[in-house]
*Asks:* 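Structure below; questions to follow.
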Amino acid sequence: MAGTGRFPALLLLGVLAGASPALCEDVTLEGLRDSYEEASNALRLRGRDISAKRVGTISRAVGHASLKARERRLACLRVSNEADGKRLAVAMDGGRVLIRTNKRGRKTAKGYHTYVADWREPKLFIIYELDAGGRKMRKGLERCDGTIGGPEDITRLLVAELRAMGAQNAKSITFLGDGAKWIWNRIDQIIEEVGIDRARVSTCLDYYHAVEHLARVAEAKTFASLIEKRAWLDNMKKLLKKAPPAVFLAELAKSRRRGNAVIRREYAYFKTNMSAEVDPKSRTKTNELSVGSWIHAGIWLRSRRPHLRRRAAEQP
């Protein structure tokens, strides 16, 4: 009963790799730990004596079944009116994960294959509902998904999700990003494929990613004391949130120094990406909306941990 291909009736009951739905849920949640060995130990403390190898088998079975279920859903997509009249935020981002691929040849003296671990970038998105102040609504509309594939793969999933919820009838949609070109260059494509009125769309540099770049400027800049450094950073964060882009950039330009490549690079980052702001009449609303994808960051932080490795066969 190791697989489900020979037992279709068990698959209909939710049995995967010989594990019940309840066991699959427990194993999958614990499998998010740093290693399958750690997950196995945690399950033993809960009275489930499962080896690390078995944890991996069940986790892979759940993953493959989930991907198949997603493809079936995309093939017969049902359109709803969930997004009618709502204000939505759409955030996309990339993480970092090591993909383990075994090398050919003999095993080591301990019985293991040597392997290479190449970096890959999982890409994720989240769609959530905003209140009148531009903050995420509690118990509001929310969808998220991801893939280990490329930009076109995540775009396909995002377009399908927006279509399914009827995003073309939303009151407004704000796209948040960290400034990566693979995100900004596909927004027009997403708008066109979903059928969204461009007058309802705004694009914003995500505040929390922007603060990371401000922190790099603070590290490269010379200050008389730590207190002065913190005061400068706090002031720049306030300008980033409330001031017009031109005012923020003018203040940031004062920090540029000849020979300081870090500050010059970060200034160029802000100058390029703050052009995503819309006209001054709606600037205040847009700046409020730009404070948003902290929840998205929580999703991809797990996938970018340097020590997290997945085998090539486990790629979604």
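These numbers come from a predicted model, not from an experiment.
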*Asks:* What pairs with R230 under salt bridge (Lys or Arg N to Asp or Glu O under 4.0 Å), at least two apart in sequence or on another chain?
*Replies:* none
*Asks:* By ring-ring contact (aromatic ring centres under 6.0 Å, His included), which residues pair with F175, not counting sequence neighbours?
*Replies:* none
*Asks:* Just grab all the ring-ring contact (aromatic ring centres under 6.0 Å, His included) pairs involving residues 67-89, residues at least two apart or on different chains.
*Replies:*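 Listed by first then second residue: nothing to list.
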*Asks:* With sequence neighbours left out, what residues match R156 under side-chain hydrogen bond (donor to acceptor under 3.5 Å, both in side chains)?
*Replies:* E71
*Asks:* Can you sort out the partners of D153 under salt bridge (Lys or Arg N to Asp or Glu O under 4.0 Å), two or more places apart, ordered by chain and number?
*Replies:* none
*Asks:* So does R198 pair up with D188, basic N to acidic O under 4.0 Å?
*Replies:*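 Yes, charged N to carboxylate O under 4.0 Å.
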*Asks:* With sequence neighbours excluded, tell me which residues meet salt bridge (Lys or Arg N to Asp or Glu O under 4.0 Å) with E251.
*Replies:*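 With sequence neighbours excluded, E251 shows a salt bridge (Lys or Arg N to Asp or Glu O under 4.0 Å) to K254, given in chain and number order.
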*Asks:* Holding to side-chain contact (heavy atoms from CB on, under 4.5 Å), I want the full list of residues that pass it with E193, two or more places apart in sequence or in another chain.
*Replies:*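 Expected list: V159, R163, Q189.
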*Asks:* Test of understanding: with salt bridge (Lys or Arg N to Asp or Glu O under 4.0 Å), list the residues that count as partners of E30, not counting sequence neighbours.
*Replies:* R33, R46
*Asks:* Using the side-chain contact (heavy atoms from CB on, under 4.5 Å) criterion, which residues pair with R44? Sequence neighbours excluded.
*Replies:*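 For R44 the side-chain contact (heavy atoms from CB on, under 4.5 Å) partners, ignoring immediate neighbours, are S40, N41, D49.
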*Asks:* State, yes or no, whether a side-chain contact exists between S59 and V27 at a heavy-atom distance under 4.5 Å.
*Replies:* yes
*Asks:* By side-chain contact (heavy atoms from CB on, under 4.5 Å), which residues pair with R78, not counting sequence neighbours?
*Replies:*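 For R78 there are no side-chain contact (heavy atoms from CB on, under 4.5 Å) partners, ignoring immediate neighbours.
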*Asks:* Taking only residues two or more places apart in sequence or in another chain, which ones pass side-chain hydrogen bond (donor to acceptor under 3.5 Å, both in side chains) with E25?
*Replies:*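 Counting only residues at least two positions away or on another chain, E25 forms no side-chain hydrogen bond (donor to acceptor under 3.5 Å, both in side chains).
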*Asks:* Could you tell me which residues satisfy side-chain contact (heavy atoms from CB on, under 4.5 Å) with R256, sequence neighbours excluded, listed by chain and number?
*Replies:* A253, I263, Y267
